[in-house]
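Computed from a predicted model, the values in this text were never measured in an experiment. This chain uses plain numbering: 1 for the first residue, then up along the sequence.
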Amino acid sequence: MKLDLLWTVLGMLAVTYSVRVSFLGFGQRLRFPAWLQRSLHYVPAAVLAALVAPMTLAPQGALDVSLSNAYLPGVLATGLAAWWTRHTLGAIVCGFVVYAGWRWLG
């Protein structure tokens, strides 16, 4: 059992290390097409949305779009503040304030 775990960890280490080293070694010679370079700018936002959406829409493991779900107004306020001000920290603070107020008042 322990040997299987060791081999699994070593395999994950080898794969992760080889992927990272490949970009360091071939990064100067590797050229992506323009459409792919433009698309890669959206990856951080897509990953963030994939992490936040399940927590926001299903905080207890089931879909909850009711007024008692304080995550919804917090996320909506964060998105609106980010869009309106283009200031990341201000948007996060705004979202926390709305979320905390919703939880406290509700």
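- By the 4.5 Å heavy-atom criterion applied to side chains, Trp102 and Leu72 are not counted as neighbours.
- Residues forming a side-chain contact (heavy atoms from CB on, under 4.5 Å) with Leu63 (at least two apart in sequence, or on another chain): Leu57, Val65.
- The side chain to side chain donor-acceptor pair (under 3.5 Å) check on Tyr99 picks up Arg103, with sequence neighbours excluded.
- Residues that satisfy the side-chain contact (heavy atoms from CB on, under 4.5 Å) test with Ser68, not counting sequence neighbours, are Asp64, Ser66.
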Please tabulate, for the side chains in residues 35-50, all donor-acceptor contacts under 3.5 angstrom to protein atoms that are two or more places apart in sequence or on a different chain.
residue : atom : partner : partner atom : Å
Ser39   : OG   : Trp35   : O            : 2.8

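- The closest donor-acceptor contact from the side chain of Thr16 to the backbone of Leu13 lies at 3.5 Å or more, if one exists at all.
- Checked against side chain to side chain donor-acceptor pair (under 3.5 Å), Thr8 has no partners two or more places apart in sequence or in another chain.
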Using a 3.5 Å cut-off and no angle test, enumerate the donor-acceptor pairs between side-chain atoms of residues 77-95 and protein atoms at least two apart in sequence or in another chain.
residue : atom : partner : partner atom : Å
Thr78   : OG1  : Gly74   : O            : 2.8
Thr85   : OG1  : Ala81   : O            : 2.6
Thr85   : OG1  : His87   : N            : 3.2
His87   : ND1  : Gly90   : N            : 2.9

